[in-house]
Asks: 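Pasting a structure below so you can have a look.
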Amino acid sequence: MKVFIHVFLFLCTLAVLLPLVNLLAVSLTDPAYAHLMDGLDLWPKKFSLFTYEVLLKNRLIAGGLLNSVFITAAGTLLNLLLTTMAAYVIARNDFYGKGLVVFFLIVILVFEPGLIPEYLLVKELGLINTYAVLILYKGINVYYLFIMMRYFQDVPNELLEAARIDGAGHLRIYAQVMLPLSKAGIATLGLFYGVFHWNEYFRSMIYISDQRKWPLQVVLRQFVIRQDNATILGGYEHLFGGTIVDFDALQAGTIIIAIVPLLLLYPMILKYYAKGAMEGGVKE
Amino acid sequence: MKVLKRLRQDWVLYAMLAPPLAYFVVFHVIPILGMRLAFQDYRIIGDNVWVGTKHFEVLFSSPAFLNVLRNTVIISAMKMILGFPVPILLAILINEVTQRHFRKYVQSVVYLPHFLSWVVIAGIWIKLLSPSEGAVNLIADFLGLPTVDYMTSKDHIRWVFVVSEIWRSAGWDSIIYLAAIMSISPALYEAAKIDGATRLQSMIHITLPQIVGTIVTVFILNLGFFMSAGFDQVFNMMNDAVISVADILDTYVYRIGIVNGQFAYSTAASLFKGVIGIVLILGTHFTSKRLTGRGLW
């Protein structure tokens with residue numbers, strides 16, 4: 001029984017890992033040998049970083065990577081600022097109108113605006129083809145706001161009281177007491193928002209037609225899912241500096257590039273995100 | 001007067017609340033009010049014209065819409081029936097692992113796909129299921145089974161949705177069950193052990209009954225999102241060959257609205273979905289609160 005469970009769980013982990021290892025192996029194979037690689041190969045036939053050299057010199061892919069980093073960083077910072085400000089206010093019990101604000105937030109939570117009215121609004125605001133729409137979009141998530149509120153409520157009241165007696169106003173208490181004492185909460189929410197921005201593709205696809213502003217996910221979609229080699233690699237489809245390229249290897253490499261930043265953050269994700277998600281579901 | 005005094009005293013608080021609230025008004029309230037477009041005809045110049053329920057009448061007599069509705073229900077139901085038990089089973093099995101490092105390894109790996117975008121996952125699965133080079137067909141071929149082009153097969157695409165959804169979510173979704181299992185009192189298991197119960201008997205007669213509350217909550221709350229059927233997944237995995245069996249409400253709204261520019265008609269379709277969604281979410285929230293004390297908020 002025990003052995004069976006261990007073997008089964010180990011197979012589950014292989015089902016997750018092997019497809020990724022296969023893509024990594026394909027992307028690290030010399031393009032001249034890449035056609036010999038198939039879905040079962042887990043090791044490069046002839047090791048080479050050439051595929052990544054091509055990808056990172058590609059205007060759309062390197063540009064997309066930079067765009068994604070920028071949008072994720074700026075978006076997450078704005079999200080955190082707005083969310084913590086709102087959470088600071090509604091975490092206070094002495095705040096007049098709290099019930100009304102919470103009711104409003106729950107209405108927001110239940111009523112999702114439809115795609116078309118949002119599209120027309122973005123158009124009217126003149127935000128089409130701007131980074132602004134990608135940074136502003138989903139600026140605050142109501143669930144996350146409630147989670148942040150609980151982190152703030154965990155800060156002992158005596159500390160806030162002490163700060164107030166020392167003459168600190170709300171802005172000071174927020175910036176110099178609440179935020180430093182809620183680092184775990186901020187890390188959790190930062191990861192929630194960061195992963196959301198990094199993985200966002202749909203709004204970027206609709207609102208951004210200028211390819212130079214595409215985030216990586218949109219480039220990836222165009223390349224791997226829509227198989228649009230011409231857009232991604234331009235006129236020199238089969239050649240790079242006189243060497244033949246391999247599309248399977250390039251696609252595999254693009255997928256890997258989109259995953260790597262998440263893997264770098266994964267230890268932190270496991271530490272904070274999982275805990276935060278569990279508390280979000282379990283508390284209350 | 002008292003109110004005014006408090007407002008004056010706490011004006012900083014209201015000032016801090018202003019930017020987030022302004023954000024909600026602009027990006028949520030205005031587009032929600034914009035849903036009235038469902039009862040209008042869109043005009044590029046000048047005001048839109050009220051047309052009553054015209055778009056809904058067209059919608060409900062349109063075979064394309066009814067087909068989309070059917071697909072949504074079928075795909076959602078398949079995912080729910082087949083996908084729902086998997087994380088429960090996974091949590092029970094993970095809980096049986098006592099070796100700390102192996103347990104941590106399993107958890108870290110099975111949570112991972114939850115953090116990948118559906119664009120990435122669709123890319124991985126398109127490669128995995130490729131008829132000529134994909135691992136699945138290579139293995140099938142090796143075993144003497146027929147090879148299939150799953151992504152373009154109308155008989156298989158919905159199964160691809162179900163299996164890839166499990167691949168992505170089962171690990172992550174097991175967290176909540178694992179938390180419930182870990183809060184079961186060890187005394188129960190010890191008592192059972194003394195009475196001569198096997199491990200399997202303990203699982204069935206102690207673990208399962210103890211987490212039934214959590215199972216019911218999660219099931220009810222999932223029902224609230226029934227009409228969504230997983231837009232990002234379907235949108236990235238669907239292609240023209242399978243559109244008749246794969247197209248769901250949200251992909252339909254996107255296509256007729258954004259691609260074809262039928263703004264008002266598309267808004268009617270999304271309002272229909274939205275209203276059912278709200279009824280389901282409110283219904284499931286209050287049912288869950290009543291039965292288990294836990295809701296969406």
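These numbers come from the heavy atoms of this one structure, side chains and all, not from hydrogens, waters or symmetry mates. Source: prediction; values computed, not measured. First the proteins, then the strands, lettered A, B, ... as listed; each starts at 1.
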Asks: Between A/Y137 and A/S204, do the side chains contain a donor N or O and an acceptor N or O under 3.5 Å apart?
Replies: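 Checked: A/S204/A/Y137 side chains show no N/O donor-acceptor pair below 3.5 Å.
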
Asks: Under a 4.5 Å heavy-atom cut-off, does chain B meet the side chain of A/L23, its backbone, both or neither?
Replies: side chain

Asks: Picking from A/L82, A/T83, A/L263, which has the most non-hydrogen pairs under 4.5 angstrom with chain B?
Replies: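 Option with the top pair count is A/L82.
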
Asks: Considering only heavy atoms, which portion of A/Y96 lies under 4.5 Å from any heavy atom of chain B: side chain, backbone, both, or neither?
Replies: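 Contact with chain B involves both backbone and side-chain atoms of A/Y96.
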
Asks: Between A/F202 and chain B, which part of the residue has a heavy atom less than 4.5 Å away: side chain, backbone, both or neither?
Replies: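 Only the side chain of A/F202 comes within 4.5 Å of chain B.
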
Asks: With only heavy atoms counted, which part of A/V218 is less than 4.5 Å from chain B, the side chain, the backbone, both or neither?
Replies: neither

Asks: Tell me, for A/L40 versus chain B, whether the close heavy atoms (under 4.5 Å) come from the side chain, the backbone, both or neither.
Replies: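 Both backbone and side chain of A/L40 come within 4.5 Å of chain B.
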
Asks: What part of A/L171 lies closer than 4.5 angstrom to a heavy atom of chain B: side chain, backbone, both or neither?
Replies: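 Answer is both: backbone and side chain atoms of A/L171 are under 4.5 Å from chain B.
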
Asks: Is chain B contacted by the side chain of A/L125, its backbone, both, or neither, given a heavy-atom distance below 4.5 Å?
Replies: side chain

Asks: Side chain, backbone, both or neither: which part of A/I206 has a heavy atom under 4.5 Å from chain B?
Replies: side chain

Asks: What part of A/L136 is in contact with chain B, defined as an atom under 4.5 angstrom from a non-hydrogen atom: side chain, backbone, both or neither?
Replies: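 Its backbone and side chain both get close to chain B.
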
Asks: Measure distances from A/V110 to the heavy atoms of chain B and classify the residue's part below 4.5 Å as side chain, backbone, both or neither.
Replies: both

Asks: Where on A/L220 is there a heavy atom nearer than 4.5 Å to chain B: the side chain, the backbone, both, or neither?
Replies: both

Asks: With a 4.5 angstrom heavy-atom cut-off, which part of A/Y88 approaches chain B: side chain, backbone, both or neither?
Replies: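 For A/Y88, the side chain is the part near chain B, not the backbone.
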
Asks: Where do B/Y14 and B/D10 come nearest, in terms of heavy atoms and distance?
Replies: CD1-O, 3.2 Å

Asks: Which bit of A/N22 is near chain B, if near means a heavy-atom gap under 4.5 Å: side chain, backbone, both or neither?
Replies: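 Neither part.
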
